[in-house]
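Okay, structure first, notes after.
Just so it is clear, the values below take in all heavy atoms, side chains as well, and ignore hydrogens, waters and symmetry mates.
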Amino acid sequence: MTNTERLRFDVPLYTVAEAARIVDAPYSTVASWAKGYVRRPPGRRPILGAPIVTAMKADCPGEPTIPFVGLVEALVLAAVRHSGVPMQRIRPALNALKSEIGVEHALASEKLYTDGAEVLYDYGASRRGTDAGDRALALVVVRSNQRVFVEIIQSYLRRITYGDDGYASVVSVPAYANAQVVADPSRSFGAPIFTHGGARVGDVLDRFWSGETLIEAAAEFGVPVSELEDVVRVTSRRAA
């Protein structure tokens, strides 16, 4: 395994909080995907949810636990979440999807993009009229006699660039309307970077928060002012 492959699969690069910011999902949601959850409804048996995002144990609190492949899995799940289908209702379909695609880390595989909609449609059609089946069908539409994911999921999948091995290698960060920001494990250890200039988003923001103007920070790092404005706007909204 090459060093780049190790960075994608085996090296924890992100904390849960960092992954949540990158995929634009709530911290608590990504934590439940990475760690699983236990819910105890009054008068009922506990409800257990197994982890569905690749994560590793941290030796110390605050250390990264999620490798790049887990970040991509979280991005796909964020797409499902934004489609409006409750995650706890779609978990059986996701498990079937992983099984049918037949590769490890199926949600980060190019096979999800090429074959996933067909698999989900078949799963849902075979269970039509059940909650699990109907929820799976809600993620798929038929166009020109082909099963494809609904547009919100397609828009997230189009943000993924796949490597020669068929697994995700770069992700375009979905939080921004204008800024072109990517997470690439082969650059800056996967930290979000501007495609223009290649600077880490965190480094550029640090200069701005320390007192530099948008124009000064943008000029220093080779980032278009409009893109930096977009990033500052999103970051300020999250902090509010």
Side-chain angles (χ1 to χ4, degrees), residues 8-113 115-124 126-127 130-140 149 152-153 156-157 160 166-168 171 190:
R8 284 195 289 161
F9 294 95
D10 295 337
V11 179
L13 299 176
Y14 311 97
T15 65
V16 170
E18 289 167 341
R21 286 194 294 270
I22 292 171
V23 305
D24 200 23
Y27 170 87
S28 59
T29 299
V30 177
S32 71
W33 296 341
K35 302 174 183 178
Y37 64 84
V38 180
R39 297 196 177 108
R40 295 182 171 83
R44 294 167 55 193
R45 291 182 178 179
I47 300 171
L48 306 179
I52 48 178
V53 160
T54 301
M56 301 159 187
K57 273 193 162 185
D59 294 327
C60 301
E63 285 188 345
T65 57
I66 298 177
F68 180 76
V69 71
L71 180 78
V72 180
E73 292 164 347
L75 180 76
V76 174
L77 295 174
V80 174
R81 177 179 175 273
H82 281 290
S83 75
V85 177
M87 189 60 60
Q88 65 269 26
R89 301 290 180 86
I90 202 65
R91 276 175 176 260
L94 290 174
N95 290 334
L97 182 68
K98 293 177 182 180
S99 175
E100 288 296 320
I101 286 180
V103 297
E104 195 174 1
H105 306 299
L107 296 183
S109 166
E110 192 170 14
K111 285 189 175 183
L112 174 72
Y113 189 86
D115 304 336
E118 191 75 33
V119 170
L120 276 183
Y121 183 88
D122 289 345
Y123 174 89
S126 68
R127 294 162 178 78
T130 68
D131 188 58
D134 291 345
R135 300 287 185 178
L137 289 174
L139 300 177
V140 180
F149 285 110
I152 184 63
I153 295 179
Y156 272 73
L157 293 180
I160 302 171
Y167 283 100
V171 161

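- Between the CD1 atom in Ile152 and the CZ atom in Arg81 there is a gap of 11.0 Å [rounded to 0.5 Å].
- Panel note: side chain Ser126, backbone Asp122; a donor-acceptor pair is recorded below 3.5 Å.
- When the side chain to side chain donor-acceptor pair (under 3.5 Å) test is applied to Arg127, no partner is found at least two apart in sequence or on another chain.
- Under the side chain to side chain donor-acceptor pair (under 3.5 Å) criterion, Tyr156 pairs with His82, sequence neighbours left out.
- Scored by the salt bridge (Lys or Arg N to Asp or Glu O under 4.0 Å) test, Glu104 finds no partners at all (sequence neighbours excluded).
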>> Between Tyr167 and Glu110, does the side-chain contact (heavy atoms from CB on, under 4.5 Å) criterion hold? Intermediate values first, please.
In response: CA-CA 6 Å; Tyr167 283 100; Glu110 192 170 14; over 6 Å; no
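- Under the 3.5 Å distance criterion, the side-chain polar atoms of Tyr14 are matched with a main-chain donor or acceptor of Gly190.
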>> If you apply the rule side-chain contact (heavy atoms from CB on, under 4.5 Å), what do you find for Leu13 with Leu71, and how did you get there?
In response: CA-CA 9 Å; Leu13 299 176; Leu71 180 78; over 6 Å; no
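- To the nearest 0.5 Å, the span separating CG on Asn95 from NZ on Lys98 amounts to 6.0 Å.
- Here the side chains of Leu75 and Asp24 are not in contact, with every heavy-atom distance at 4.5 Å or above.
- Among residues at least two apart or in separate chains, there is no side chain to side chain donor-acceptor pair (under 3.5 Å) pair with a member in residues 25-34.
- Looking at every heavy atom in both residues, Val171 comes nearest to Val72 through CG2-CG2, 3.8 Å.
- Counting only distance, with no hydrogens or angles, the side chain of Ser83 and the backbone of Val80 share a donor-acceptor pair below 3.5 Å.
- To the nearest 0.5 Å, atoms CG (Leu137) and OH (Tyr123) are separated by 10.5 Å.
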Return a table of donor-acceptor pairs under 3.5 angstrom between the side chains of residues 45-67 and protein atoms on other chains or two or more places apart.
{"residue": "Thr54", "atom": "OG1", "partner": "Glu73", "partner atom": "OE1", "Å": "2.9"}
{"residue": "Thr54", "atom": "OG1", "partner": "Glu73", "partner atom": "OE2", "Å": "3.2"}
{"residue": "Thr54", "atom": "OG1", "partner": "His105", "partner atom": "ND1", "Å": "3.3"}
{"residue": "Glu63", "atom": "OE1", "partner": "Asp59", "partner atom": "N", "Å": "3.2"}
{"residue": "Glu63", "atom": "OE1", "partner": "Cys60", "partner atom": "N", "Å": "3.4"}

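- The nearest pair of heavy atoms linking Gly124 to Ala136 is CA-CB, 4.1 Å.
- Panel note: side chain Glu100, backbone Leu97; no donor-acceptor pair is recorded below 3.5 Å.
- Between Leu120 and Phe149 there is a side-chain heavy-atom pair separated by less than 4.5 Å.
- Considering every non-hydrogen atom in both Val140 and Ala117, the closest pair reads CG2-O, 3.7 Å.
- Applying the ring-ring contact (aromatic ring centres under 6.0 Å, His included) test to Tyr113 and every residue at least two apart in sequence or in another chain returns nothing.
- With sequence neighbours excluded, the residues that form a side chain to side chain donor-acceptor pair (under 3.5 Å) with Asp131 are Arg89, Arg135.
- Considering every non-hydrogen atom in both Ile101 and Gly116, the closest pair reads CD1-CA, 4.5 Å.
- Taking every heavy atom of both residues into account, Ile160 and Ala168 meet most closely at CG2-CB, 3.5 Å.
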